[in-house]
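Shown next, in structure tokens, is the structure this report addresses.
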Amino acid sequence: LKNRKGLILASAFAGLILILPTPAPAEFFGSAIELTRSGQNMLGLLAFLIIMFVTDALPIGITVAIVYGWLVLFDIFPAKEVPPLFSSDAVWFIAGVLMLAQVFVKYKIHKRILLLILRVVGTKTKWVTLGLVAFCALISSVISEHSLAAVMLPVGIAVVQISGGLKNVPNLSKLFMFSIAYGASI
């Protein structure tokens, strides 16, 4: 348990939302929008999750298990419909991309990419920016832009660290992060 206060606050806030009476239907462009009991249960879950993530009260894996249980326990989804929500292709794609980025950092491949870019373009800011955009644009023709952005993020962080760190050059770090994003989307 990382943060007991966060867990207590999240549970209390979610419990408060759950015990409140269901509000009257709201008027929306001439039609009534009703908040169902399941919708109110989802609002409680949302409040719980926001507080859990902000306070970092529990590890993410445990928080995901709580979501799974919440969806079934509060009858938001039948038990057989919940597992596919956690195993869609998009979820596994993002997980795989983040694992790939972690491998790049573990084996310092991101620093090798940075050295390659710096060897080609030099160390002036405008040329490093152009090098990041061009490298990302070239590689994005082969792999998806989401994968590329996740893999190039450590490269951008390495450039900022070499330049003096985020506190010393905040605008430079923004420039490099935007360069990676723009290059990946070309």
Side-chain angles (χ1 to χ4, degrees), residues 1-106 110 144-157 160-161 165-167 170-171 173-182 184-185:
L1 185 62
K2 294 180 180 178
N3 184 348
R4 182 172 293 185
K5 291 178 186 174
L7 180 60
I8 292 169
L9 180 65
S11 301
F13 204 78
L16 178 67
I17 291 173
L18 293 176
I19 63 171
L20 287 174
T22 305
E27 189 71 28
F28 185 73
F29 291 108
S31 64
I33 305 295
E34 182 180 353
L35 179 64
T36 63
R37 189 69 201 160
S38 291
Q40 190 169 350
N41 292 341
M42 278 303 298
L43 287 176
L45 175 61
L46 179 64
F48 180 82
L49 289 175
I50 289 172
I51 295 170
M52 291 296 285
F53 288 137
V54 168
T55 61
D56 197 25
L58 291 173
I60 291 178
I62 294 174
T63 306
V64 169
I66 291 171
V67 170
Y68 187 95
W70 191 293
L71 293 174
V72 174
L73 182 67
F74 288 103
D75 202 27
I76 296 168
F77 284 104
K80 290 184 179 184
E81 291 181 20
V82 175
L85 297 174
F86 290 92
S87 63
S88 70
D89 292 342
V91 172
W92 288 112
F93 173 74
I94 296 297
V97 164
L98 293 175
M99 285 183 237
L100 180 66
Q102 188 61 37
V103 167
F104 270 54
V105 171
K106 180 176 181 177
H110 68 295
S144 77
E145 62 272 8
H146 301 92
S147 303
L148 180 61
V151 167
M152 289 299 290
L153 177 67
V155 174
I157 292 171
V160 172
Q161 287 173 340
L166 180 63
K167 291 184 179 180
N171 289 335
S173 60
K174 293 174 190 171
L175 173 67
F176 290 151
M177 294 307 135
F178 280 120
S179 298
I180 290 168
Y182 291 142
S185 66

### Query
Between Ser11 and Ile8, is there a donor-acceptor pair closer than 3.5 Å when you use the side chain of the first and the backbone of the second?
no

### Message
Looking at Ser31 and Glu27, would you say the former's side chain and the latter's main chain have a donor-acceptor pair under 3.5 Å?
### Response
no

### Message
Restricting to side-chain hydrogen bond (donor to acceptor under 3.5 Å, both in side chains), what partner residues turn up for Thr22, sequence neighbours left out?
### Response
Gln40

### Task
Not counting sequence neighbours, which residues clear side-chain hydrogen bond (donor to acceptor under 3.5 Å, both in side chains) with Ser147? List them please.
Ser144

First locate atom [atom1] of [X], then atom [atom2] of [Y], and finally report the distance between them rounded to the nearest 0.5 Å.
| X | Y | atom1 | atom2 | value |
| --- | --- | --- | --- | --- |
| Leu153 | Leu148 | CG | CG | 11.0 Å |
| Leu9 | Ile51 | CG | CD1 | 4.5 Å |
| Ile62 | Leu7 | CD1 | CG | 10.0 Å |
| Met42 | Thr36 | CE | OG1 | 10.5 Å |
| Ser179 | Lys174 | OG | NZ | 13.5 Å |

side-chain contact (heavy atoms from CB on, under 4.5 Å) partners of [X], counting only residues at least two apart:
| X | value |
| --- | --- |
| Leu100 | Phe104, Val151 |
| Val82 | Tyr68, Leu71, Val72, Phe77, Phe86 |
| Val155 | His110, Ile113, Leu114, Leu132, Met152 |

### Task
Tell me, with the steps shown, if Phe74 and Leu45 meet side-chain contact (heavy atoms from CB on, under 4.5 Å).
CA-CA 10 Å; Phe74 288 103; Leu45 175 61; over 6 Å; no

#### Entry: Within 6.0 Å of CZ in Phe178, more than 12 heavy atoms from elsewhere
no

### Task
Please test Met52 against Leu58 for side-chain contact (heavy atoms from CB on, under 4.5 Å), starting from the C-alpha separation and ending with a verdict.
CA-CA 7 Å; Met52 291 296 285; Leu58 291 173; 3.3 Å; yes

### Verdict with reasoning, Thr63 to Leu49, per side-chain contact (heavy atoms from CB on, under 4.5 Å)
CA-CA 8 Å; Thr63 306; Leu49 289 175; 3.4 Å; yes

### Query
Closest approach of Pro25 and Ala32, non-hydrogen atoms and distance?
CB-CB, 4.0 Å

### Message
Using every non-hydrogen atom in the two residues, find where Ala101 and Ala150 come nearest and quote the distance to one decimal.
### Response
CB-O, 3.3 Å

### Query
With side chains defined as the heavy atoms from C-beta onward, is the minimum distance between Leu18 and Arg37 less than 4.5 Å?
yes

## Note on the structure
Residues pairing under ring-ring contact (aromatic ring centres under 6.0 Å, His included) where one sits in residues 45-66, two or more places apart or in two chains, turn out to be Phe48-Trp70

### Task
Kindly state each residue pair satisfying ring-ring contact (aromatic ring centres under 6.0 Å, His included) with at least one member in residues 10-47, sequence neighbours excluded.
none

### Message
I need the full list of side chain to side chain donor-acceptor pair (under 3.5 Å) pairs touching residues 91-103, with sequence neighbours left out, sorted by first then second residue.
### Response
none

